[in-house]
Amino acid sequence: MNKRRNFIKKSILGTVGASSLIKCDVPTNSNAQATYPRIISTWNHGLSANKEAWKNLMDGKNGISAVEAGVKISEADPKVRSVGYGGFPDREGIVTLDACIMDKNSNCGSVSFLQNIKHPISVARLVMEQTPHVMLSGKGALDFAISKGFEQEELLTKESKKDWIKWKEESKYKPVINIENHDTISMLLIDNNGDLFGACTTSGAAWKMHGRVGDSPIIGAGLFLDNEVGAAAATGLGEAVIRTSGSAMVVELMRQGHPPLEACKLIVDRISKIHRSGPDWDYLQVGFIAINKKGEYAGYSLKKGFDYAVCDNENQNSLLKADYSI
Ligand code: ASP
């Protein structure tokens, strides 16, 4: 494996001009083939999300409709306990949702602390398309959704309520992340023209304080893209991602010439350095996915356990294990 690491390290540095780059140990799951269309999504529920997004794209829908349709699959699935309907609630037993979406022209929309709406990503899209704002939060986001015809529904399923009641017995506050490989869904798409789109949606860290908002609805933290460069998205402990403006930084590193894998790793290393002696170190997990304008992609996380789904004409729809630091 080390030999392979070194080989990839050399070839990647060779193509981008090693002298101007911060060197890092490049792991093995990078993809050097320039190809699109391509869709990558976080975690194993990314597979069904990718499938739907791909179908939409092949049916002639545009990139923004495809990513929206894709992540809606995870939002509606009660078995996905970290997104939308069936997501773990906060400490008060209330499911609160965060989501954002971004298109090739840097238009973006976001909702945070939204309750009782099954598809926050669709509300985020309408914030982008039908308001002069980027982000609506809490009651304002809910009122906006209702005004657009969204129906209110109970998002706390029996299973999630049961788990919450069990958690309350001890009420230890530790955000639950990296659980059963079901966390935030972030999706990045490069279409036939090489244009980029992204979406990110979550119920956030389980048992969070009421009112807590993570990285996922924050453009630049949970999701960022620049159509001249590439796109990146995050999963894991939102507080850690926000502190480094994680996704925006990954994109900026790609702008400087770093391949997606190196860019993700450099930001994970930065997060690791900041948190290593902090109180959240034992449960900290962060993972990033990234794709550049050539369609090269990667996923990388701090700790073992992060996987991501890739869908294109070559891979069909496959789940890849991301490489990791520790
Ligand atoms: N990033 C999400 C948050 O902090 C949670 C996750 O992806 O596990 O809200």
Side-chain angles (χ1 to χ4, degrees), residues 40-46 49 71 74-75 77 80-84 86-91 94-101 110-115 120-121 124 135 137-138 141 155 160 163 173-188 198-224 232-250 264 267-268 271 274-275 278 280-290 299-309 322 324:
I40 61 173
S41 297
T42 51
W43 304 107
N44 57 0
H45 54 109
V71 301
S74 302
E75 287 183 340
D77 186 348
V80 177
R81 310 293 294 284
S82 48
V83 183
F88 286 123
D90 63 17
R91 294 177 186 194
I94 300 166
V95 179
T96 73
L97 304 177
D98 299 332
C100 73
I101 195 160
S110 151
V111 288
S112 65
F113 194 50
L114 179 62
Q115 294 166 45
I121 197 67
M135 189 176 217
S137 187
L155 301 178
S160 287
D163 288 335
Y173 181 57
K174 269 197 178 180
V176 178
I177 50 169
N178 211 21
I179 179 168
E180 294 165 357
N181 284 350
H182 288 303
D183 286 63
T184 297
I185 179 139
S186 298
M187 175 180 284
L188 306 175
C200 179
T201 176
T202 191
S203 52
W207 331 134
K208 60 193 174 185
M209 287 175 69
H210 189 61
R212 180 266 190 187
V213 170
D215 60 316
S216 305
I218 299 176
I219 299 294
L223 172 71
F224 190 69
T235 181
L237 188 66
E239 284 74 5
V241 176
I242 294 170
R243 286 173 84 181
T244 52
S245 298
S247 295
M249 290 303 155
V250 170
C264 292
I267 293 307
V268 168
I271 291 172
I274 293 169
H275 287 259
D280 51 10
W281 180 247
D282 62 327
Y283 60 81
L284 177 67
Q285 170 67 315
V286 285
F288 289 93
I289 54 172
Y300 192 85
S301 60
L302 176 66
K303 292 175 186 163
K304 190 178 177 181
F306 174 45
D307 38 37
Y308 64 106
Y324 53 92

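Atoms within a ligand are numbered from 1 in the order they appear, just like the ligands themselves.
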Heavy-atom pair with the smallest gap, counting every atom of S160 and P89: O-CD, 4.1 Å
With S301 via side chain to side chain donor-acceptor pair (under 3.5 Å) - residues at least two apart: none
D98-ligand 1 polar pair, N/O distance under 3.5 Å: no
Distance-only N or O hit between ligand 1 and T235, under 3.5 Å: yes
Numbered atoms and elements of ligand 1 in range of G238, under 4.0 angstrom, heavy atoms: 3 (C), 4 (O)
Check: A234 main-chain N/O paired with T42 side-chain donor or acceptor under 3.5 Å: no
Main-chain N/O of D183 paired with H45 side-chain donor or acceptor, under 3.5 Å: yes
Heteroatom distance test (G214, ligand 1): nitrogen or oxygen, under 3.5 angstrom: no
Test of proximity, L237 against ligand 1: N or O pairs below 3.5 Å: no
Min heavy-atom dist R212 to ligand 1 below 4.0 Å: yes
Nearest option to atom 6 (C) of ligand 1, as decided by whichever heavy atom of T184, V83, I218, D215 sits closest: T184
Check: I121 main-chain N/O paired with E75 side-chain donor or acceptor under 3.5 Å: yes
Location of contacts on S216 toward ligand 1, heavy atoms closer than 4.0 Å: side chain
Mutual orientation of the aromatic rings belonging to H210 and F113 [parallel < 30°, tilted 30-60°, perpendicular > 60°]: perpendicular
Nitrogen or oxygen of T202 less than 3.5 angstrom from that of ligand 1: no
